[in-house]
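Below you'll find the structure, written out as structure tokens, and then a few comments.
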Number of protein chains: 2
Amino acid sequence: MAPTDAAPDLGATERAELAGAVVRRLLHLSRAMRHDTDLGFAQLGLTPAVARALHQLDPDRPVAARELAEQLECDRSNVTALVDKLELAGLVRRQVDPTDRRLKTLVVTDDGRAVRGRVHEVMSDARLLAALGDDELATLRDLLWKVSDGGCPEECGGE
Amino acid sequence: MAPTDAAPDLGATERAELAGAVVRRLLHLSRAMRHDTDLGFAQLGLTPAVARALHQLDPDRPVAARELAEQLECDRSNVTALVDKLELAGLVRRQVDPTDRRLKTLVVTDDGRAVRGRVHEVMSDARLLAALGDDELATLRDLLWKVSDGGCPEECGGE
DNA sequence: TATTGTTATACTCTATAACTATA
DNA sequence: TATAGTTATAGAGTATAACAATA
């Protein structure tokens, strides 16, 4: 009942049940977070996918559409529609790469930079974590980083 | 750099940055988990939404369609199509409630019970958590429960 | 009149396949 | 021939509005 009451050694079955409960809770929690962020994106006039695309772009470097598709883990064909909307909103400009004229690189405009900042804020809105103290938050951070590939908590690109 | 290096008191800005990083990491992690579960559901011949609907149903009690919609946090109109597929697959039966003939309650069949068990397993597949030790897992569980409404980690309906 | 389930409809997200223009 | 971006198309998910049956 008290926190951290785990016995030193868990049986395989107990371990599996515990892990399963954690996974289901994570899935549930992520739904609530997604709901929150989607509302914030809508207030910016962006659909979730468009907001995510803008967030993924690099404001300081032209990114090829192909590259964006890889970062978003989706098919290139989807990027076209996403970038159409971003370009229509004046947040991104398409630019043919002089080096290889097959490539169209995506340049974030000044407006795009501003909105991207707002998107980042929406994705950082942590009202859900209000119940945690500072040290608990740090512990959670460390555990999550260990889960999603044991990297360093600083800035390893795994944003 | 080392884990749990949090200073006793965090400034408001530092706290916000830390919380934001945790939120973004949770969102990222949930994408990977969703991807895994969707594959598992497909192997059961179920789409993600249909699998989730079946999982939400109570095998021991007829649930009104309206009630399921509330549990899934979606419009009633969607439940119709979801249940159509579940009924076509022989996993659920529609039954008019004798008490109030407006209601159609959803009864999980024997086949449905079996598949629902498989769905539960898919949603509990915690390969992603393999990097954590037993006590870390328990700590993570406690933190997540505290986040999503400070309940008890046992079984408070907040599955 | 209010509510349940259904239907019709539309929009978003995503994938596949075929097309074009470059290389 | 291989690759980048585009287009056409389809399916899943979800929302709104209107409708029939029941309360």
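Below, chains carry the letters A, B, ... as their sequence lines are ordered, and counting in each starts from 1.
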Under the side-chain hydrogen bond (donor to acceptor under 3.5 Å, both in side chains) test, which residues partner E67(B), sequence neighbours left out?
R61(B)
Heavy-atom contacts under 4.0 Å between residues 81-101 of chain A and DNA chain C, which residues?
K85(A), D100(A), R101(A)
Would you check if the side chain of D97(A) reaches a backbone N or O of L103(A) as a donor-acceptor pair within less than 3.5 Å?
no
Using whole Å, report how far CZ of F41(B) lies from P of dA12(D).
16 Å
Taken to the nearest whole Å, CG/L103(B) to P/dA2(C) is 18 Å
Between R116(A) and L57(A), is there a donor-acceptor pair closer than 3.5 Å when you use the side chain of the first and the backbone of the second?
yes
Which ones in residues 69-79 of chain A lie close to DNA chain D, meaning a heavy atom under 4.0 Å from one of its atoms?
R76(A), S77(A)
Separation between CZ of R118(B) and CG of L46(B), rounded to the nearest 0.5 Å:
10.0 Å
Quick check: does any side chain N or O of T109(B) sit under 3.5 Å from a backbone N or O of L91(B), one acting as donor and the other as acceptor?
yes
Which heavy-atom pair separates G90(B) from D111(B) by the least distance, and what is that distance?
O-CB, 3.9 Å
Considering only side-chain heavy atoms of T47(A), which listed nucleotide, dG13(D), dT12(C), dT4(C), is closest?
dT12(C)
Whole Å only: how far is the CZ atom of R34(A) from the C1' atom of dC13(C)?
12 Å
Return the value, rounded to whole Å, for the distance between atom CG of L39(A) and atom C1' of dA15(D).
14 Å
Any donor-acceptor N/O pair under 3.5 Å between dT3(D) base and R102(A) side chain:
yes
If we ignore angles and hydrogens, is there a donor and acceptor under 3.5 Å between the side chains of S77(A) and D75(A)?
yes
Polar side-chain atom of T105(A) near backbone of Q95(A) as donor-acceptor pair, under 3.5 Å:
yes
How many whole angstroms separate atom CG of L46(A) from atom P of dC11(C)?
18 Å
Quick one: is dA21(D) close enough that its OP1 or OP2 comes under 4.0 Å of any side-chain N or O from K104(B)?
no
When the nearest nucleotide of DNA chain D is assigned to A65(A) and to R31(A) on a heavy-atom basis, which residue is associated with the more 5' position?
A65(A)
Rounded to whole angstroms, how far apart are CZ on R66(A) and C1' on dA23(C)?
15 Å
What is the distance from CD of E67(B) to P of dT3(C), rounded to the nearest Å?
17 Å
So which of L106(B), T47(B), L72(B), V92(B) actually passes side-chain contact (heavy atoms from CB on, under 4.5 Å) with L82(B)?
L72(B)
